[in-house]
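These numbers come from the heavy atoms of this one structure, side chains and all, not from hydrogens, waters or symmetry mates.
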Amino acid sequence: DAPTQDVHRTVRLLNRAAFGPRPGDVAAVDAMGHEAWLDRQFAMTDGEDMRLQAQLYRLDVLRVDGMELHDFPEDVMVRQLNQAAILRATYSGNQLFERMVDFWSNHFNIYARKGLAAYRKARDDREVIRAHALGSFPDMLRASAQSPAMLAYLDNQFSDKSAPNENYARELMEL
């Protein structure tokens, strides 16, 4: 009966700290132990493995930056952003990091179909969310407050001294 409990604990850990168990994950985590697996997840700094990098490289939204992305239809950009998230959630060895990227992306949400957000979101993901996913909240908050994607999404270009835009402040209060 004890091994069954361990499997359930491992599955629960992988469901909460990762995107669920992949084939072989339960046995691997059981063999190394939960604490060792978590330590390894926190210590991972080597980025994506070569196979995942090759799949991500095919996505223009991750390779091309700035105004050059405007050559691509918005639908393509949104689809590629979603593909990148799914590829990383599925194939990344750093599951805890990817889970936290997903968590913070939902909290600092930028709707990709508003204005030019589809073209700015990849940079925001890279420089705000992914750069601070396991770091300090104040650092992420500062990066988000200065993100061109977030500022445009919340219409801060219409803010001025006489009529300040309060969208970002409202969003922060919700956090």
Side-chain angles (χ1 to χ4, degrees), residues 14-22 41 44-160 163-175:
L14 292 170
N15 282 338
R16 291 181 178 172
F19 288 97
R22 299 172 295 186
Q41 291 292 305
M44 290 186 101
T45 58
D46 55 353
E48 288 106 3
D49 72 16
M50 293 300 286
R51 289 178 302 199
L52 179 54
Q53 284 181 25
Q55 291 179 17
L56 293 171
Y57 187 78
R58 295 178 307 141
L59 304 176
D60 298 309
V61 73
L62 300 181
R63 259 187 317 103
V64 180
D65 199 23
M67 294 304 291
E68 294 174 32
L69 285 175
H70 291 283
D71 293 339
F72 300 95
E74 179 185 271
D75 286 347
V76 171
M77 296 295 93
V78 172
R79 186 174 57 248
Q80 287 186 8
L81 287 167
N82 290 333
Q83 285 175 318
I86 291 168
L87 285 168
R88 286 176 167 140
T90 304
Y91 298 112
S92 176
N94 197 345
Q95 287 286 290
L96 177 62
F97 177 78
E98 295 303 333
R99 183 65 178 225
M100 292 308 298
V101 166
D102 181 63
F103 173 82
W104 288 120
S105 292
N106 287 323
H107 276 72
F108 289 99
N109 184 39
I110 297 171
Y111 181 55
R113 295 198 184 271
K114 181 180 179 187
L116 299 174
Y119 303 99
R120 294 178 174 142
K121 189 155 174 30
R123 180 178 172 194
D124 183 84
D125 286 350
R126 182 178 60 250
E127 295 177 6
V128 176
I129 304 298
R130 298 186 73 74
H132 301 285
L134 292 175
S136 80
F137 181 74
D139 290 346
M140 181 181 290
L141 192 57
R142 271 188 289 284
S144 174
Q146 297 170 3
S147 164
M150 182 63 78
L151 294 173
Y153 172 63
L154 295 175
D155 300 320
N156 273 7
Q157 70 271 24
F158 302 118
S159 186
D160 65 32
N165 182 316
E166 298 173 351
N167 288 346
Y168 194 70
R170 232 184 340 272
E171 292 295 324
L172 291 179
M173 296 306 289
E174 287 181 22
L175 286 176

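- Taking 4.5 Å as the limit, some side-chain heavy atom of N15 sits within range of a side-chain heavy atom of P21.
- Not one N or O on the side chain of E98 forms a donor-acceptor pair closer than 3.5 Å with the backbone of S92.
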Practice problem: Could you give me the CA-CA distance, side-chain angles and deciding distance for L141 and L172, then say whether side-chain contact (heavy atoms from CB on, under 4.5 Å) is met? | Solution: CA-CA 9 Å; L141 192 57; L172 291 179; 3.1 Å; yes
Exercise. Output, in order, the C-alpha distance, side-chain angles, deciding distance and verdict of salt bridge (charged side-chain N to carboxylate O under 4.0 Å, His left out) for D139 and R142.
Key: CA-CA 5 Å; D139 290 346; R142 271 188 289 284; 2.8 Å; yes
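- E74 places no side-chain N or O within 3.5 Å of a backbone atom of A118 that could act as its donor or acceptor partner.
- No donor-acceptor pair closer than 3.5 Å links the side chain of Y111 to the backbone N or O of Y153.
- Under a cut-off of 6.0 angstrom, the local environment of CZ in R58 is sparse, with at most 12 non-hydrogen atoms contributed by other residues, nucleotides or ligands.
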Exercise. Would you please test L62 and Y57 for side-chain contact (heavy atoms from CB on, under 4.5 Å) and show each step?
Key: CA-CA 7 Å; L62 300 181; Y57 187 78; over 6 Å; no
Exercise. Start with the C-alpha distance between L151 and Q146, add both sets of side-chain angles, then the distance that settles side-chain contact (heavy atoms from CB on, under 4.5 Å), and finish with yes or no.
Key: CA-CA 7 Å; L151 294 173; Q146 297 170 3; 5.6 Å; no
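- Between atom CZ of residue R120 and atom CE of residue M150 there is a gap of 12.5 Å, rounded to the nearest 0.5 Å.
- Nearest heavy-atom pair, V78 versus A112, reported as atom, atom and distance to 0.1 Å: CG2-CB, 3.9 Å.
- Figure legend: R99 and F19 shown as a cation-pi pair, the cationic atom lying under 6.0 angstrom from the six-membered ring centre and within 45 degrees of its axis.
- For K121 and D124, the salt-bridge test fails: no basic side-chain N is under 4.0 Å from an acidic carboxylate O.
- For the residue pair R79 and N82, no side-chain donor N or O sits within less than 3.5 Å of a side-chain acceptor on the partner.
- The closest side-chain heavy-atom distance from R113 to D75 is below 4.5 Å.
- Separation of atoms OH (Y168) and CG (L154) is listed at 8.0 Å; rounding is to 0.5 Å.
- One N or O on the side chain of N106 and one on the backbone of D102 form a donor-acceptor pair closer than 3.5 Å.
- With S147 contributing its side chain and A143 its backbone, the two residues share no donor-acceptor pair below 3.5 Å.
- A donor-acceptor pair under 3.5 Å is formed between the side chain of N165 and the backbone N or O of D155.
- Considering CD of E127 and OG of S144, their distance stands at 12.5 Å, rounded to 0.5 Å.
- In this structure, CE on M140 lies 5.0 Å from CD1 on I129, to the nearest 0.5 angstrom.
- Here CZ of R63 is found 10.0 Å from CG of L69. Values are rounded to the nearest 0.5 Å.
- Atom CZ of R130 is surrounded by more than 12 heavy atoms from other residues, nucleotides or ligands within 6.0 Å.
- Not a single donor-acceptor pair under 3.5 Å links the side chain of Q41 to the backbone N or O of A18.
- Without hydrogens or angle criteria, D160 side chain to A163 main chain gives a donor-acceptor distance under 3.5 Å.
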Practice problem: Please report the C-alpha distance between Y119 and M77 in whole Å, then the side-chain angles of each, then the deciding distance to 0.1 Å, and finally whether the side-chain contact (heavy atoms from CB on, under 4.5 Å) criterion is met. | Solution: CA-CA 7 Å; Y119 303 99; M77 296 295 93; 3.6 Å; yes
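- Annotation: Q157, atom CD; neighbour count of heavy atoms from other residues, nucleotides and ligands within 6.0 Å is above 12.
- Distance check: L59 CG to L87 CG gives 6.5 Å after rounding to the nearest 0.5 Å.
- Below 30°, between 30° and 60°, or above 60°: for W104 and F108 the angle between ring planes is between 30° and 60°, a tilted geometry.
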Practice problem: Please lay out, stage by stage, how R88 and D125 fare under the test salt bridge (charged side-chain N to carboxylate O under 4.0 Å, His left out). | Solution: CA-CA 13 Å; R88 286 176 167 140; D125 286 350; over 6 Å; no
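- Here the closest heavy-atom approach between residue P164 and residue S159 is recorded as CA-OG, 3.4 Å.
- In this structure, R22 and Q95 have side chains that are in contact, with non-hydrogen atoms separated by less than 4.5 Å.
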